[in-house]
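Structure, as structure tokens:
The first residue in the sequence is number 1, and the count goes up from there. All figures in this text were calculated on a predicted structure; none of them were measured in a lab. What's counted below: heavy atoms across the whole structure, side chains too, no hydrogens, waters or symmetry copies.
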Amino acid sequence: MEIIIQPDSRQASQIAARIVARLVREKPHAVLGMATGKTPLQLYRDLVLMHRESGLDFGGITSFNLDEYVGTPPAHPSSLHSYMWAHLFSHINMPRERINIPDGLTADIPAACRKYEQAVRSAGGIDVQILGIGTNGHIGYNEPSSSLSSRTRIKTLTEESRLDAAAAFGGEEGVPTHVITMGLGTIMESKMCLLLAFGKKKARAVALTVEGPVTAMVPGSILQMHPRAILVLDKDAASELKMADYYTWVHDHKPDWQKY
Ligand code: F6R
């Protein structure tokens, strides 16, 4: 795992944006895996700015989102569809037909999940999967106890995740109970995983993910088995890492060709 610790979320997001932008420039038909939530907001703002100001071209890019709430129409203001259009897709030139988000209204969830997996494979697999992390260590909505080799499927949200989403749904009662999420096995097949985490609230989940055992009880810990997992953290999210000084030293002493 590569751990990059920055003074704040702005600078951390800038690094993540440079990693994504480099891929988009070098591979115009790249496949991006998208996350929602508060964490990637600044990354998306930075990508929109790069598109507007330096012509970063998303015309050939394909995207796959991690998840969507079951029973939530795409047009619902708190759907993950709405989030993506509000914060990214409406502001860049990614063709609509290349945007893939699980369908929370599908009548046949297992069939839709199989189709989603097939679509990822047909697109050539995900080049960079953007990830946030839940306070309980979930990635995507793979809650603790998720199979480490799970595929896209329906999951039941934990109380903790529903509380985290409560504000967007006008209180916990409004939060859907189920989601469709890519599995940990699906995420692990991405060529690169780029996880962002900011704030003290994430410090424990980050420490367990990086320095704890690989366990289904901390789904993010499966990234220890990924050949190319980059974690970009602010100081607060890194505050419970025992080897933080070492990670910082490694980052500061990278040869030029390895820098972002
Ligand atoms: C959402 C997703 C989740 C979030 C996580 C953190 O698509 O994949 O794993 O990344 O719940 O959410 P925030 O960023 O709101 O703290």
Side-chain angles (χ1 to χ4, degrees), residues 1-2 15-37 39-40 43-44 47 51 56-68 80-81 84 88-89 92-104 106 109-133 138-142 146-155 179-196 209 214 216 219-232 258 260:
M1 285 175 135
E2 181 174 353
I15 291 188
R18 285 206 293 273
I19 292 171
V20 175
R22 181 190 285 182
L23 171 75
V24 169
R25 279 193 204 97
E26 287 176 356
K27 190 173 176 187
H29 292 284
V31 180
L32 299 180
M34 302 296 192
T36 55
T39 309
L43 161 63
Y44 294 153
L47 291 175
H51 170 67
L56 187 64
D57 183 9
F58 290 88
I61 300 295
T62 297
S63 72
F64 287 91
N65 263 79
L66 283 166
D67 33 35
E68 180 56 285
L80 303 182
H81 275 75
M84 287 309 299
L88 188 66
F89 296 147
I92 59 175
N93 65 328
M94 199 185 292
R96 185 178 276 266
E97 64 276 12
R98 290 184 196 262
I99 292 171
N100 300 277
I101 307 179
D103 176 6
T106 181
I109 291 178
C113 292
R114 280 194 301 275
K115 215 170 134 199
Y116 204 69
E117 289 276 330
Q118 185 52 51
V120 172
R121 273 194 296 276
S122 305
I126 292 169
D127 289 295
V128 173
Q129 176 62 59
I130 297 163
L131 296 166
I133 189 163
H138 71 220
I139 54 174
Y141 270 120
N142 294 284
S146 288
S147 156
L148 296 177
S149 54
S150 48
R151 314 302 308 191
T152 303
R153 70 213 182 291
I154 187 169
K155 281 297 289 180
V179 288
I180 294 175
T181 180
M182 276 187 201
L184 294 171
T186 323
I187 292 170
M188 286 295 285
E189 279 172 12
S190 310
K191 293 172 191 91
M192 180 197 284
C193 287
L194 180 60
L195 185 145
L196 287 79
T209 290
V214 175
S221 66
I222 188 66
L223 295 176
Q224 291 178 30
M225 308 283 290
H226 196 285
R228 190 104 179 83
I230 304 179
L231 276 71
V232 193
Q258 267 193 345
Y260 300 114

Has the side chain of [X] got a donor or acceptor atom that lies under 3.5 Å from a matching backbone atom of [Y]?
| X | Y | result |
| --- | --- | --- |
| Asn100 | Ser63 | yes |
| His138 | Ser146 | no |
| Ser149 | Gly185 | no |
| Glu68 | Leu80 | yes |

Kindly write out the residues that satisfy side-chain hydrogen bond (donor to acceptor under 3.5 Å, both in side chains) with [X], not counting sequence neighbours, or none if the list is empty.
| X | answer |
| --- | --- |
| Ser221 | none |
| Glu2 | Lys254, Tyr260 |
| Thr106 | none |
| Arg151 | Glu117, Glu189 |

Under the side chain to side chain contact (heavy atoms under 4.5 Å, CB included) test, residues paired with [X] that sit two or more places apart:
| X | answer |
| --- | --- |
| Asp57 | Asn93 |
| Thr39 | Leu196, Phe198, Lys202 |
| Ile154 | Val70, Ile109, His178 |

Identify, with sequence neighbours excluded, every residue that meets ring-ring contact (aromatic ring centres under 6.0 Å, His included) alongside [X].
| X | answer |
| --- | --- |
| His81 | none |
| Tyr44 | none |
| Phe89 | Trp85 |

Step by step, would you call Phe58 with Arg98 a side chain to side chain contact (heavy atoms under 4.5 Å, CB included)? CA-CA 10 Å; Phe58 290 88; Arg98 290 184 196 262; over 6 Å; no
Separation between [atom1] of [X] and [atom2] of [Y], rounded to the nearest 0.5 Å:
| X | Y | atom1 | atom2 | answer |
| --- | --- | --- | --- | --- |
| His51 | Ile92 | NE2 | CD1 | 7.0 Å |
| Leu131 | Leu66 | CG | CG | 6.0 Å |
| Arg121 | Thr186 | CZ | OG1 | 9.0 Å |
| Ile19 | Ile130 | CD1 | CD1 | 10.0 Å |
| Leu23 | Leu194 | CG | CG | 10.5 Å |
| Asn142 | Ile222 | CG | CD1 | 10.5 Å |

Is the shortest side-chain heavy-atom distance between [X] and [Y] below 4.5 Å?
| X | Y | result |
| --- | --- | --- |
| Asp67 | Met182 | no |
| Arg228 | Lys191 | no |
| Leu223 | Met188 | yes |
| Leu148 | Val214 | yes |
| Thr152 | Pro102 | no |

Please determine which of Ile230, Leu195, Thr209 meets the side chain to side chain contact (heavy atoms under 4.5 Å, CB included) test together with Met1.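 Of the listed options, the one satisfying the test is Thr209.
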Can you name the closest pair of heavy atoms from [X] and [Y] and give their distance?
| X | Y | result |
| --- | --- | --- |
| Pro95 | Ile61 | CD-O, 4.2 Å |
| Cys193 | Ile187 | SG-O, 3.7 Å |
| Gly37 | Pro40 | O-CD, 3.3 Å |
| His226 | Ser190 | NE2-O, 2.6 Å |

For residues 179-188, which residue pairs pass the salt bridge (charged side-chain N to carboxylate O under 4.0 Å, His left out) check, not counting sequence neighbours?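 Every pair satisfying salt bridge (charged side-chain N to carboxylate O under 4.0 Å, His left out) with a residue in residues 179-188: there are none.
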Verdict with reasoning, Met192 to Val20, per side chain to side chain contact (heavy atoms under 4.5 Å, CB included): CA-CA 10 Å; Met192 180 197 284; Val20 175; over 6 Å; no
Only pairs under 3.5 Å count here: list side-chain donor-acceptor contacts from residues 26-36, not counting sequence neighbours, and write none if there are none.
from  : atom 1 : to     : atom 2 : distance (Å)
Lys27 : NZ     : Asp127 : OD1    : 2.7
Lys27 : NZ     : Asp127 : OD2    : 3.2
His29 : ND1    : Gly60  : O      : 3.4

